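One structure is given here, and the rest of the page talks about it.
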Amino acid sequence: MRVVVAEDSVLLREGVVRLLQEAGHEVVGQAGDHDDLMRKVRAHKPDLAVVDVRMPPTQTDEGLRAAKVIRSELPGVGVLVLSGYVEPAYARELLAENAEGLGYLLKDRVSDVGAFAEAVERVGAGGSALDPEVVSVLMGRAREDDPLDELTPREREVLGLMAEGRSNGAIAEQLVVSERAVEKHVTSIFSKLGLSASNEDHRRVLAVLRFLEV
Amino acid sequence: VTLAPTSPLRRALTALAIAGVLMGTFVFVVVAGSDVPAAPPLEAVLTLMVGWSFIGTGLYAWDRRQSNLIGPLMVCVGFSWMLQELANSDIPLVAALGFAADSLPVAFLVHLLIVFPGGRARGRLERFFIGYGYFAGVFVAAVPILFYNPLSDPDYSGSVSSNPLLITDNLDVVNGIYGTLSAVSVPVIAALIIYLVRRARASDAAERRSQTPFWWAGGATLFLFAATLLTNLGPEQGNYDDVVWYSATFVFATVPFAFLLGLLRTRLSEADVVAEENVRLDAELQARLNELRDSRARIVQAGDAARRKLERDLHDGAQQRLVGLALDLRLAREKLEDDPEAAGAMLDEASAELSRATEELRELARGIHPAVLSDRGLQAAVESLAKRAPLPVQIDARLPGRLPGPVESAAYFVVSEALTNVVRHSGADRAAVGIRRDNGRLLVEVRDDGSGGANAAGSGLSGLADRVAALDGRLQVDDPGGGGTVVRADIPLREENGARP
């Protein structure tokens, strides 16, 4: 997979580049700020851009803005946004209409090499990745008459993994159950929450997110 | 408004003053040398007193309040008084003019009393009195001179030989007109006095202080003038008529002084009020200064306390973990050759510990200042708070666009601290946050359904109260009874607080 990496901290950027290379990807460009990123993405048209949220010049939300532009301008380029902190508000903003080819992860996840590599693969292939912490904030949110109370513990686990953007296969692997069992859980969850099922993982992410946001 | 000495109005007023002095001198000579008055020297002195005091005071008032009719009216009273005294002259035409102007000063006085102090008549009744004054004083009173021949008047003691304005010599017409005029005017003047008394009573204390002398002098003049009219109606009663006439004239002369006395009293009481007000403002300022000093001290202390806590958190938390990690890594390095399996486990442990350290740092950073607040504003930050709260928090916020940074921060920390208190102390099941802009202010409200009993002096909230007060806002903690606590902040969106003008 051809990847462009944008991160203003050189130390972290080199770490990410090394991780990607070790996972067998080709890093075709490295950028330190927003404009540099846009230039390199437009020039290389990579499969994936790994982008830091805060970058020069304003050190606020360059990464988010770049992600939106890249997704609309170059639909073939997936964008994985990395952030020093997670905010559900940013996830909602980023995944407002479409979760396809988009990911939002805490920078810490980089150190979980396996999970990071998986997220890179997923987003590069047009799937989605949402940080487990965002999911846990959304799912753990106190509600009156919480509809999630209807779910069994296992179903909650499956819902969380779905929200992270994982496929049934990946969920089955993670929970060490058969894919058939996961499918049953998913059907049960969707009927309990009153959601219409979708076969495409990134659509499923959006449906779950919208449900959790309300 | 003070006028430049050379302004046109100033020049006109100066000319009037000079005219007043000249005319006064002339009238004084005429009256003092006349045989008509009962007491020529007294009459001459009173003439000057009335004339000059009205003209002088009137010019002063005119200069002071150029658009107010009071000054011009007083000047008119003064000149017309001297004019009617010319009836004492032995030059026929001059004497005739004096006769014709007989009631003019009273007409001006009525107008003056009614429009005092504002300079404007209010209502039909006031306009009626003024109209009647001029009608009676200017037209009706001027008619008798056309029928009056001093030579055929047995009461006339002057030395005028003829009346150049005479049409027909008819003393009955003269007496008839005077009699009718007096008979009609006495009740009108009585009504006017009653009206003025009632109006004066309805005024407030400050108005009374400045106007009472004028009302007394004016009212007394009207009363005595009505009395002179009554003497016209009845038969001649020796020097009784003269006593009434000189009393009326003397009281008339006091009107301008009463006016000046009123001004003086106002000045004095204004000075009193200003002094009192100064004392009050001083005390208020001092109290505010003390309050500011205290709150500044508390803000500094709160800042220090926050730094100490931060230092403790870093020292006891992340730093300890990192030190431990460094140790673990060194141990793992030593085990690497002898026991690679144990070394691997230690490295796993170390990386998990590292995750915990970064998580702690992240939470710490969020507590200092959440990035979402600066990046996305108050509403997004408060929604994020609500999502992380361990109890359901309903948000009702309508905040299109961004607010000034200091206001957003203060409001955010009010909500944050209030929610923390709700969780820690109230035992509430739910909380609600309302934020809205209202008339240039930001209103923040956090309510819960817990046990209540919170107070603003509680450490976290008092620090916030200072923070809100620094923006000239207010923080209130209410215990509405029936359970629950309401924390309210009211912060002005001013330029000083970073709002755009």
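Each chain gets a letter, A, B and so on, in the order the sequences are listed, and its residues count up from 1. The structure displayed is predicted, hence computed values, not measured ones.
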Measuring from [X]:[atom1] to [Y]:[atom2], what's the distance to the nearest 0.5 Å?
| X | Y | atom1 | atom2 | value |
| --- | --- | --- | --- | --- |
| B/Leu391 | A/Arg143 | CG | CZ | 13.5 Å |
| B/Leu361 | A/Asp108 | CG | CG | 9.5 Å |
| A/Leu106 | B/Thr358 | CG | OG1 | 7.5 Å |

Check your understanding: Is it true that A/Arg141 and B/Glu383 have a side-chain N and a carboxylate O under 4.0 angstrom from each other?
Key ->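 B/Glu383 and A/Arg141: not salt-bridged.
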Review point. Between B/Lys387 and A/Glu87, is there a salt bridge with N-O shorter than 4.0 Å?
Key: no
Review point. Non-hydrogen atoms of chain A under 4.5 Å away: do they reach the side chain of B/Ala389, the backbone, both or neither?
Key: backbone
Would one find more than 12 heavy atoms of other residues, nucleotides or ligands at under 6.0 Å from atom [atom1] of [X]?
| X | atom1 | answer |
| --- | --- | --- |
| B/Asn439 | CG | no |
| B/Lys309 | NZ | no |
| A/Glu173 | CD | no |
| B/Lys335 | NZ | no |
| B/Glu337 | CD | no |
| B/Ile368 | CD1 | yes |
| B/Arg436 | CZ | no |

Review point. Does the side chain of B/Val372 reach to within under 4.5 Å of the side chain of A/Tyr85, using non-hydrogen atoms?
Key: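 Heavy-atom side-chain distance check fails, nothing below 4.5 Å.
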Exercise for review: Could you check which of B/Arg388, B/Arg376, B/Glu363, B/Glu359 has the highest count of heavy-atom pairs closer than 4.5 Å to chain A?
Suggested key: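 Option with the top pair count is B/Arg376.
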Study note, to complete from the structure: Checked B/Arg366, B/Arg362, B/Gln394, B/Arg430 vs chain A; the most non-hydrogen pairs under 4.5 Å come from B/Arg362
Exercise for review: Grab the two heavy atoms, one from B/Pro392 and one from A/Ala142, that are nearest each other, plus how far apart they are.
Suggested key: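 Closest approach of B/Pro392 to A/Ala142, heavy atoms only: N-CB, 3.4 Å.
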